Amino acid sequence: MTINRRRGLAALLVLMACRSVRAQALVIRASTLLEPDPATTVAERVLREAYRRLGLGLEVLSLPGERSLLSANSGESDAELYRKAGIEQAYPNLLMVPVPLQTYEIVAFTKSVPPFALKGWESLRPYRLGYVKGIKIIEERTAGMQAETVATMLQAFTKLELGRTDLVLANRVSGLATLKAHRFPGVTVLSPPLASFPVFHYLNRRHRDLLAPLTAVLRDLERERFIARVQDDVLAGY
């Protein structure tokens, strides 16, 4: 298919999709984790451009992690900004847009525990763990361990600083951004990462007609290296 023909088809899909979006939804409302961080900034900038090309705006709603998913799944919001693949198994009203926005890397941060080489999730069992509520992969992999959730990354690192937690589990750049902003001294990152995986945008299924055109636009942004440039720009300081 030629570029012009592909663009023409994409434009037709957009027109069809927009008819299914409620009249006031010239702006798509996407919920996401409460605390802003570089990963959220990457996803927001990429999706803002994608929706702009579809003639739609993007409004980002910051909510606690579980509340964000419930909002998107119930239709209270129109979309979930970004999550790992497979989240739709627990939240069946969400449709994954199959273009990765970035790679998420889960690592362990420590201060009081002497650095050691991680050997998978099971090596965390002897320690007191902290993480932000709503990060599903951490919740699933630490079930039965000494794990306690908090509302924000700042709270997680404050507990680490006070000696109430041995390890903080978090996305690498999100954790590094909190450390940089709030100047917690002496915190190190253990290696290797516990997990590394792509994250994707999710639409509430009432907007299923947007799935094809949004996928096509994100594919264009991927080919144009727009997504890579946004990642490089936002993550340069981390």
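Because the structure is predicted, anything quoted here is derived from the model rather than measured.
- With rounding to the nearest 0.5 Å, the separation of CZ in Arg225 from CD1 in Ile227 is 10.5 Å.
- Between Lys133 and Glu139 no salt bridge is recorded (no basic side-chain N to carboxylate O distance below 4.0 Å).
- For Arg45 and Glu49, the salt-bridge test fails: no basic side-chain N is under 4.0 Å from an acidic carboxylate O.
- By the rule that hydrophobic residues join a cluster once side-chain heavy atoms approach within less than 4.5 Å of another member, Leu203 and Leu70 end up as members of separate clusters.
- Counting only heavy atoms from C-beta outward, the side chains of Leu94 and Leu69 approach each other to under 4.5 Å.
- Membership of an apolar cluster is not assigned to Leu95, as no side-chain contact below 4.5 Å to another ILVMFWY residue is traced.
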Distance-only criterion, 3.5 Å: show the donor-acceptor pairs between side-chain atoms of residues 185-196 and protein atoms not counting sequence neighbours.
none

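- Connection of Val99 to Val217 is established within a shared hydrophobic cluster, with ILVMFWY side chains joined at heavy-atom distances below 4.5 Å, either directly or through further cluster members.
- Closest heavy-atom contact between Thr215 and Pro98: OG1-CD, 3.4 Å.
- In this structure, Ile137 and Phe197 have side chains that are in contact, with non-hydrogen atoms separated by less than 4.5 Å.
- Remark: Arg67 pairs with Glu76 by the side-chain hydrogen bond (donor to acceptor under 3.5 Å, both in side chains) rule, at least two apart or across chains.
- Ile135 is not listed as a side-chain neighbour of Leu169, based on a closest heavy-atom distance of 4.5 Å or more.
- The pair Lys159-Glu148 meets the salt-bridge criterion, since a charged nitrogen lies less than 4.0 angstrom from a carboxylate oxygen.
- Pro92 is listed as a side-chain neighbour of Asn73, based on a closest heavy-atom distance under 4.5 Å.
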Next item on the list: Might you work through the salt bridge (charged side-chain N to carboxylate O under 4.0 Å, His left out) test for Asp232 and Arg229, ending with a clear yes or no?
Entry: CA-CA 5 Å; Asp232 290 345; Arg229 290 197 303 273; over 6 Å; no
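- Using a distance-only test at 3.5 Å, with no hydrogens or angles considered, no donor-acceptor pair links the side chain of Asn204 to the main chain of Asp78.
- Using a 4.5 Å cut-off on side-chain heavy atoms (C-beta onward), Phe109 and Met153 make no contact.
- Nearest approach of Tyr131 to Ala147, heavy atoms of both residues: CE2-CB, 4.0 Å.
- Listed for the Ser112 side chain is no donor-acceptor partner under 3.5 Å among the backbone atoms of Asp166.
- In terms of the ring pair (Phe, Tyr, Trp, His ring centres under 6.0 Å) criterion, Tyr202 has no residue partners (sequence neighbours excluded).
- Counting side-chain heavy-atom gaps under 4.5 Å among Ile, Leu, Val, Met, Phe, Trp and Tyr, Leu61 is found in no cluster with other residues.
- In terms of modelled atom types and a separation under 3.5 Å, the side chain of Glu88 and the main chain of Gly86 share a donor-acceptor contact.
- Between the side chains of Thr40 and Tyr82, a donor-acceptor pair is found at a separation under 3.5 Å.
- Residues meeting the ring pair (Phe, Tyr, Trp, His ring centres under 6.0 Å) test with Tyr91, sequence neighbours left out: none.
- Under the 3.5 Å distance criterion, the side-chain polar atoms of Arg48 are matched with a main-chain donor or acceptor of Leu58.
- Cluster annotation: Val199 and Leu214 are assigned to the same hydrophobic cluster (Ile/Leu/Val/Met/Phe/Trp/Tyr, side-chain heavy-atom contacts under 4.5 Å, transitive).
- Looking at every heavy atom in both residues, Arg125 comes nearest to Gly144 through NH1-O, 3.6 Å.
- Ile106 has its side chain within reach of Trp121: a pair of non-hydrogen atoms, C-beta onward, lies under 4.5 Å apart.
- In plain terms, the two heavy atoms of Glu44 and Leu81 that are nearest each other are N-CD2, 4.2 Å.
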Show every donor-acceptor pair shorter than 3.5 Å between a side-chain atom in residues 176-184 and any protein atom, with sequence neighbours excluded, or say none if there are none.
{"from": "Thr178", "atom 1": "OG1", "to": "Ser174", "atom 2": "O", "distance (Å)": "3.2"}

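- Annotation: side-chain hydrogen bond (donor to acceptor under 3.5 Å, both in side chains) contacts of Glu59 (sequence neighbours excluded): none.
- The heavy-atom pair separating Val168 from Ala156 by the smallest distance is CG2-O, 3.5 Å.
- For Ala43 against Leu101, the heavy-atom pair with the smallest separation is CB-CD1, 4.1 Å.
- Side-chain contact between Val230 and Thr41: absent, with no pair of heavy atoms (C-beta onward) separated by less than 4.5 Å.
- Under the rule for a ring pair (Phe, Tyr, Trp, His ring centres under 6.0 Å), Phe226 has no partner lying at least two apart in sequence or in another chain.
- Crowding of Arg205 atom CZ: a count of heavy atoms from other residues, nucleotides or ligands under 6.0 Å exceeding 12.
- Hydrophobic clustering keeps Ile87 apart from Leu218 (ILVMFWY residues linked when any side-chain heavy atoms are closer than 4.5 Å, directly or through intermediates).
- For Phe200, the ring pair (Phe, Tyr, Trp, His ring centres under 6.0 Å) test picks out no residue, with sequence neighbours left out.
- Gln102 is linked by a side-chain hydrogen bond (donor to acceptor under 3.5 Å, both in side chains) to nothing, counting only residues two or more places apart in sequence or in another chain.
- Ser68 is linked by a side-chain hydrogen bond (donor to acceptor under 3.5 Å, both in side chains) to Ser31, Glu80, counting only residues two or more places apart in sequence or in another chain.
- With hydrophobic clusters built from ILVMFWY side chains whose heavy atoms lie under 4.5 angstrom apart, Val107 shares a cluster with Leu154.
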